[in-house]
Amino acid sequence: MKTGLGAGVLMALFAVADVTQAADAEAGRSIADRWCAACHVTSDSKADSRAVSGTDAAPTLSSIARDPNRSPNWLRQWLSSPHPPMPDLNLSRAETDDVIAYLQGMSR
Ligand code: HEC
């Protein structure tokens, strides 16, 4: 019976975590426009349009989003530690989750 109770408590914790960590893809888009667009092409609809900003050194965000090796966990790791030449963006956990939600939305 002890294990059953433990599982119940765990489930409750996950339910709470789910609510508090609800990521916002729209917020992620504005973060990306502000903080990533200087180097990454962010637009999903016109992924290869030269009208959008970005440099050739950085892959477009939509190509990152579509890469099956770039899982949300991988992205979280990437964004939570500095990766020269990418600057340390110092995103909060919530901002990171928002950006990841935005990327997830692009890959569909
Ligand atoms: C100052 C320029 C710059 C900014 C700003 C920047 N990046 Fe990057 N980013 C790069 C470069 C250059 C690379 C390629 C690094 C490499 O290949 O080693 C990169 C690589 C990445 C990668 C890994 C791509 C892969 O598949 O290997 C991810 C994910 C990424 N950036 C996400 C972001 C996000 C999200 C933001 C905004 C929050 C951002 N970057 C802001 C320059 C930048």
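Just follow the structure's listing: the first ligand is 1, and inside any ligand the first atom is 1.
- Taking backbone and side chain together, Cys36 holds no N, O or S atom under 2.8 Å from atom 8 (Fe) of ligand 1.
- When Gly28, Ala58, Pro85, Ser63 are checked for heavy-atom proximity to atom 15 (C) of ligand 1, Pro85 turns out nearest.
- Residue contact annotation: Ala38 has no non-hydrogen atom under 4.0 Å from ligand 1.
- Of the heavy atoms in Leu79, only side-chain atoms (C-beta onward) come closer than 4.0 Å to ligand 1.
- The nearest N/O/S atom of His40 to atom 8 (Fe) of ligand 1 is NE2.
- Of all atoms in ligand 1, listed by their number and element, those nearer than 4.0 Å to a heavy atom of Leu91 are 38 (C).
- For the atom pair Ile64 CD1 and Trp78 CH2, the distance stands at 8.0 Å (nearest 0.5 Å).
- At a 4.0 Å heavy-atom cut-off, ligand 1 touches Pro87 through the side chain alone.
- Annotation: the span from Ile31 atom CD1 to Leu89 atom CG amounts to 10.5 Å, rounded to 0.5 Å.
- When all heavy atoms of His40 and Met86 are compared, the pair lying nearest together is NE2-SD, 4.0 Å.
- Annotation for Ser92 and Glu95: closest pair N-OE1, 2.8 Å, computed over non-hydrogen atoms.
- For the atom pair Leu103 CG and Ser71 OG, the distance stands at 11.5 Å (nearest 0.5 Å).
- Under the 4.0 Å criterion applied to side-chain N and carboxylate O atoms, Asp98 and Arg29 are not assigned as salt-bridge partners.
- Within the listing of ligand 1, atoms 36 (C), 37 (C), 38 (C), 39 (C), 41 (C) sit less than 4.0 angstrom from a heavy atom of Leu89.
- The part of Leu75 lying near ligand 1 is the side chain, judged by heavy-atom distances below 4.0 Å.
- We find the CG-OG distance between Asp88 and Ser80 to be 9.5 Å, quoted to the nearest 0.5 Å.
- With ligand atoms numbered from 1 in the order given, ligand 1 contributes 35 (C) to contacts under 4.0 Å with heavy atoms of Val99.
- Using a 4.0 Å cutoff on heavy atoms, Leu103 does not count as a contact of ligand 1.
- Heavy atoms only, all atoms of each residue included: Thr42 and Asp33 are closest at OG1-OD1, 3.3 Å.
- Proximity of Asp67 to ligand 1, defined as any heavy-atom pair under 4.0 Å, is not found for any part of the residue.
- Less than 4.0 angstrom separates some heavy atom of Pro59 from each of these atoms of ligand 1: 24 (C).
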